[in-house]
Every structure is written in C-alpha cells, then in structure tokens.
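Beneath this line is the structure, given in structure tokens, with notes to follow.
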Amino acid sequence: MDITSIIAPLNDAQREAVTAPSQAMLILAGAGSGKTRVLVHRIVWQIQVNGLSPQSILAVTFTNKAANEMRGRVENLLDSSASSMWIGTFHGIAHRLLRRHAEQARLPKDFQVLDSNDQQRLIKRILADLKIDDKELPAKEVQWFINEKKDAALRSFHLVGNEDKNTRRFLRIYQEYEASCERSGVVDFSELLLRVYELFRDNDNILQQYQQRFSQIHVDEFQDTNHLQYAWLTLLSPNRDNIFVVGDDDQAIYGWRGAKIENIYNFKDHYPTHQTIKLEQNYRSSGAILKAANHIIANNKSRLGKELWTDLPDGEKISVYGAFSDVDEAKYVVDRIRSWVEEGNKRVDVAILYRSNAQSRQFEEQLMLTKTPYRVYGGLRFFDRAEIKNALAYLRLLANRHDDASFDRVVNTPTRGIGLKTIDELRQLANSQQISLWMAAQFLIEQKLLPNRAGNALFYFLDLIEQLAAKTAELPLGEKVQIVIENSGLMAFYGQDKVEKSAEKIENLKELVNAANLFKMDVNSDADISELSEFLSHAALESAESQANEFDDCVQLMTLHTAKGLEFRLVFLVGLEDGLFPSQQSIYDAGKLEEERRLCYVGITRAREKLYITHAEKRLLYGRETPASKSRFLRELPSELLEEVRPKREVSRPMTAKSSNFSITNLPKEMQSESSYRLGQRVEHESFGAGVILKMEGEGKTERALIKFSDDSRWLMTLYTKLHVI
DNA sequence: TTGTTCCAGCTTTTT
DNA sequence: GCTGGAACAA
C-alpha cells in the first residue's frame, strides 16, 4: 500500500482533511482550493489505508458531470475500477434504490421518471381539467408549490385541514397531480427523493441494511442540499459520525430552488462531534482576482467566514469597460478575444459569463460577424428537444400504456385527425372514472361512443402502439427505437420541407437511435427491468448536453450558474448593471441580494489570469431600449484593483474647458442640440455633485443627458433635473 | 380538424 | 425579440 501517492500532492489543510479519523467532517472549501481532490483522496484513503471495502463507500453529488469526474479520478488514483462504489447524483442514487425496492416503495416495477417539462405539462393539463384559468394560477406556480411541499416531505394529505388560504388554493391540484402520477406510474424529480426518504423511514430493515452497508458517506456541494436530501443523510448516518461533507457557503447560489444554506450553517450544532477544516489556499486565480473576490464576498453578513489566499503574484489588474450600449459591450469583448487569440492563445480558455441567457444574443452576433467559433451552454439539451421527447413518448407508451403524459403528447403528433374535442372527451372519461387515457380510449372505441371519423383515428393510434409493441418486443434497443421513429410517422413528419430546421431534427432522431445502440445497461443494476425502461430513465435523469463541438477550440458562453465549478484563463463578466446583475427581483430583498453577491463571487473566481468586467449605459431589454447604471457589485470593488478602460469611439473623459470647446465645434451637426446643455459641459447636481455631460439624446420633454459624476455615470432627464452649469 | 396570426410575458435551472 | 398559447379562418 503506497500512501505517499495519496497524501504527497496535498497541502497541510487538505492532508488533515483526507487523513482525519472517521467522524463528522465539514470541509469548507473555497473556490479553487481543491475540494474535488480532497474528496477523491479521502475516498481512496479510506479504502487503501483504512481497509474499507469499495461497496461501503457512498458519494453523492448534484450533477452527473461531477459524479462522473469523481468516479474517474478515484479510479485513476486507485488504479482499479470503482464500479462497486455508489458514486452518483442524489437523484441517480434515489432512482437506483427505488428500482431495487420498488415494491416496498409502492411503485410499479417499471415506473418512469417525469422531468420538469413533463411535470409542467401534466400540471397544465390538470389545471385545464379542473377548469382553472392558467392566467389566474400559472402552472409554473403550481409546480413550484408542489415541489416545495415535496422537498419539505409534505404530501397532499398532510395539508388537508390547513387553514392557510394559499395552501387551500393549491391543495386540490396537488391531490389530482398525485393521483395522476400514481395512475401513470411516473415519479417526478422531487418524488424520487421523497420516496426514498419514506422508504427509509417506513422500512426499518431496509434502512438498517444501508446504514450498515455505507460505512462512509461523502457529500459534494453540501451548501446546495435541500431539506429532504439532508434528512436522507441523517437517516443513513444515525450516529452522525461517518459523514464527510464538502461545501462552500459563499458559493450557495441555488436558494431559489430550495437549497437550504442553513444545512451548512447548522452543521456544527447538528453534528456535535464534528471537525471543521477550511481550505483557503487557492490554486487557480491571480492575486488581484482573489483580492477582488474576497472584497466582494466580505459584504455579505451571513457567512461562516473564509479568506482565500494564493502564492501566485497579483498579476494584471481587473479591466473595467463601461460601454455605451449592449452592442458596444459585445464589440469590445469580441475585440479583446480577437487580440487574445492573435497573441497565440486558445479560444477554449475564454469564457463570457452573464446573468441571464437572453444576454448571449449580442455576443453571439458579434462572434458570428467576426467568424469566431463559440459554444453556448445551457440551451436546449439533447433529451429536451421536442422531436426527441416525442420519440421517447412513443417508447414510453410501449413500456407502459397508462403513461398519460406520453399519451397526451403523441396521440396527435404527427397529426392524425384526433382533435381537441376527442381528446377532451377522453380526459373527461378518464377523470370521472379515475382511469388512464389509454383505458378511456379503449372504452370509447369499444362502446362506439365517438363519431366515426374520430373513432377510427383513435383506433388507428391504439392499434399503432400495439403493433409497434408486438413487432419490436424481441428486438435490440437500437432497432426498437429505429422502428418506432419510422412507423410512428415522426421521421416523415420532421422530414417535410415546411418543418423548420428539419435537417437538424432528423439528425437528432438519428442520434437518438445511435444513443440507443450504444446504451449499456448499468452492470450493477440488479433490478429486474427491461433495457427500454432503463434507457428511458437514463434519458430523464441524464439529459446530456448536445455532444457536438465539445472539443473544438471555441469561446465559451454561459450563465454564471452554469459556470460554477469551471475555470478559464480569461473571463469576461458582462452586464454588471443594477437590475440585471443583481437582478431586479433581488434588489430589495437582503437575502436574495446576498445570493446574487455570491453569484458574483462565483463569477470572479472562475478567472485564472485575467478578468474583464463590463457594463453598458443602455441596452435592449425585451426589444426595448433601457437605460442602465453600473452595478452595486462593481462599485463595491476597490479601485486599486481596477483599471478603467476608456471607451474609444465617443466622448467619455471629463474635459477641461478648452478641450470641450474644441470637441463641440468638431461634432457633427445632428449632435449639437438646441437645448441649454452641451456635450462636454461641466454641471453640478445637488446630490451627485459635479459632472460632465458625455452624451445627449432626444429633445424637449424626452431630452436626457448622460452625465459622468465622480464615481458613476447616469442618464438624467434634463427637463426634470436641476443642473447648474459650472 | 388544421394551419395561421396575434398577443402577453419574460431570472438563474444541477436532476 | 422570441416563444407559447389562444383565438381565428379555411
């Protein structure tokens, strides 16, 4: 046994964490401080030094990517397969447990997973059935409510008798939703976790089996765990002495999705014999970048407290560019990328990070204009595309006729003459009899209760599914998928000329066949289910990114949320404006604002060598031009770390009287306004102090001026603002 | 029943 | 500015 390879690459704090005795351990790992490394080395340490068997290791993450990376690195260090370890996402592990114990969890053997889109569709349908106006009660809100309750381990019957008016409004829908899922044999994401929690809670023998099996429990990104995930861990570790959690409260950015940052704050109290180790040495970023990050996050009040440091030199200052518009901002960024590439650097090392997806457009446009290869993350994922979901819905119907969500989706896709009226009738019957749509359809056909045309069309559809099922029953998965796509008419449907991007859709369908061909059953899955069911679950649980271009040399575009866990040599943090980042909805809520600040901290710490921060004075928002001002986060950064980059094309520097005269006379006519103010004029505002007029727009009532004050520029309506010309 | 046009609405999204 | 859904006409 060679322990040097396990501990040699570690610094003191990391080594202390890895070699600590078995107990409750909280590793507070700052950005770039080697948290995955600590987890990986800890697992290998437990096996090679403490002699634990791989089966006794449980390691949970939030993303498939993180789980795969961890498994790979463990295998590397261990130099053997880690396939007998349970390393996976919370949802993946829940799924595996439920397959194993479907009966005790009161689930059908071949239950399927409903992703959040499916869930929303189902809720919409229920709202329609209950004649509730979608405008009055948006499906999204109901979905949010249901998931929130499930995350708190509350089923609809727990809420019966609840006096809260808001709760009563949702209760009926929640009940219908539960019943519908039950009938269809499907579980949504929250349900996966809740079922496992109930399985453990109600079946002592099963719980004990896993308590004994998992002698060491490892949790990644602990700050993102929700109530249910935490409850799970508590059940699995009754003595609270064998749990090794890694997290960073400063990077908790999923509170809006139910993550409970309190889980990490309260760890000390809930795990009395715990040890906390802080990893504060950062191996990623330059000194200047780290100082900025520390500075920002220090403004948050509720923190466990950590300060990153580095051996690396300060490096370049952070460049700040105040653009005139979103277009100007994009041009600037793309121009900087161009020189970066000209200096011989790679595009893959560059990331443009923004707060909301809509911001990517301007950058894409400029990148396209300059023919710079780029890749936008977080768009539609492969398994989320409509054509793929349709194909999967057919396959799901083959596996389970009573899957209402799938039935609903493809009964008339491609169109085959089954219209709203017929479907309405189906729903009514299904509702009143509490049966599946499939059964309702059978009944209506048998009893000849439908007009001829509709009845025939519906019969044709049921027959199609039965035929497909019979025909493909014995075929390998890939061929099954192939035949279903062909015979369902989907291939022909998407092949029509009038379908937009038809070539791409056909490609995707082919790719699905390909994926099915390559799909291998989980060797460890001892559950007795078909390959098809397993493939369908895989599609729901691992909605993999579209694979293409991954290895090309492209500039990376993504939201700040997506960027968590990644690093780039060169980072552009764009759109640092109040209302955008921090987002408008967060500005007046102290808690939300702190989460936004953590997001900013995450963004800054993605950069290794050089960070650019940009903001624009106006931008197109929802197709409308909107003025914007510098983000409070940008103003929180100390000026000695920053280097203001002056805009090139228009007046921006405060000018002396001499130079201002000069520049005004040289301005094109249309820019010389009739108003009492002029470009370059020095003015005084009663609260903002002295400033210089940089830009004018509009006239009369709509006239506004962009004025640069000592610490900020703002647009002011000249008619309504008292300005004294100096 | 199907295809078109018009209108409201809009963060972030691991599973 | 783009999307999804509802209200229309064919």
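Treat the numbers as computed from the prediction; the structure is a model and nothing was measured. We name chains A, B, ... by the order of the sequence lines, and we start the count at 1 in each one.
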Inset, instruction - Classify the glycosidic conformation of dT11(B) as syn or anti, calling it syn when the angle lies within 90° of 0. - result: syn

Legend entry - G417(A) vs T559(A), nearer the 5' end of DNA chain B by closest nucleotide: G417(A)

Inset, instruction - Check whether the side chains of E69(A) and T36(A) place a donor and an acceptor atom closer than 3.5 Å, and report yes or no. - result: no

Inset, instruction - Taking only heavy atoms on the protein side, list every residue of residues 63-71 of chain A lying under 4.0 Å from any atom of DNA chain B, sorted numerically. - result: T63(A), N64(A)

Inset, instruction - Find the distance N452(A):CG to dT1(B):C1' and express it as a whole number of Å. - result: 16 Å

Inset, instruction - Could you verify whether a donor N or O on one side chain and an acceptor N or O on the other, from Q119(A) and N147(A), lie under 3.5 Å apart? - result: yes

Inset, instruction - Could you check whether Y254(A) gets within reach of a base, just the sugar-phosphate, or nothing at all, counting any heavy atom under 4.0 Å? - result: base

Legend entry - Parallel, tilted or perpendicular: ring planes of F214(A) versus W86(A), cut at 30 and 60 degrees: perpendicular

Legend entry - Distance-only polar pair, side chains of T225(A) and N263(A), donor-acceptor under 3.5 Å: yes

Taking only N/O atoms, report every protein-nucleotides 3-11 of chain B pair under 3.5 Å with atom names and distance.
none

Inset, instruction - Classify the nucleic acid contact of L420(A) as base, sugar-phosphate or nothing, counting any heavy atom under 4.0 Å across all strands shown. - result: sugar-phosphate

Inset, instruction - Please check if any side-chain donor atom of N300(A) sits under 3.5 Å from a side-chain acceptor atom of Y601(A), or the reverse. - result: no

Inset, instruction - Scan side-chain atoms only and decide if Q223(A) and E221(A) contain a donor-acceptor pair under the 3.5 Å cut-off. - result: yes

Inset, instruction - Give me the ring orientation class for H538(A) and F519(A): parallel if the planes are under 30° apart, tilted from 30 to 60°, perpendicular past 60°. - result: tilted

Inset, instruction - State, without any angle test, whether S180(A) and R125(A) hold a side-chain donor-acceptor pair at a distance under 3.5 Å. - result: no

Inset, instruction - Let me know, please, whether A540(A) or R416(A) comes out on the 5' side of the other along DNA chain B by nearest nucleotide. - result: R416(A)

Inset, instruction - Could you check whether the rings of F189(A) and H91(A) sit parallel, tilted or perpendicular, using 30° and 60° as the cut-offs? - result: perpendicular

Inset, instruction - Give the minimum heavy-atom separation between A252(A) and R598(A), together with the two atoms involved. - result: O-NE, 2.6 Å

Inset, instruction - Could you state the atom-to-atom distance from CG of L98(A) to C1' of dT15(B) in whole Å? - result: 14 Å

Inset, instruction - May I have the distance from Q143(A) (atom CD) to dT13(B) (atom C1'), rounded to whole angstrom? - result: 11 Å

Inset, instruction - Indicate whether OP1 or OP2 belonging to dT15(B) is found under 4.0 Å from a side-chain N or O atom of S116(A). - result: no

Legend entry - Whole-Å distance separating the CZ atom of R195(A) from the C1' atom of dT15(B): 18 Å

Legend entry - Polar side chain donor-acceptor pair, N508(A) to Y494(A), under 3.5 angstrom: no

Legend entry - Nucleotide of dT15(B), dT13(B), dT1(B) approaching F189(A) most closely (side-chain heavy atoms): dT15(B)

Legend entry - Contact interval (first through last nucleotide) of DNA chain C with protein chain A, 4.0 Å heavy-atom: dG1(C) to dG5(C)

Inset, instruction - Using a heavy-atom cut-off of under 4.0 Å over every strand shown, decide if K564(A) touches base, sugar-phosphate, or nothing. - result: nothing

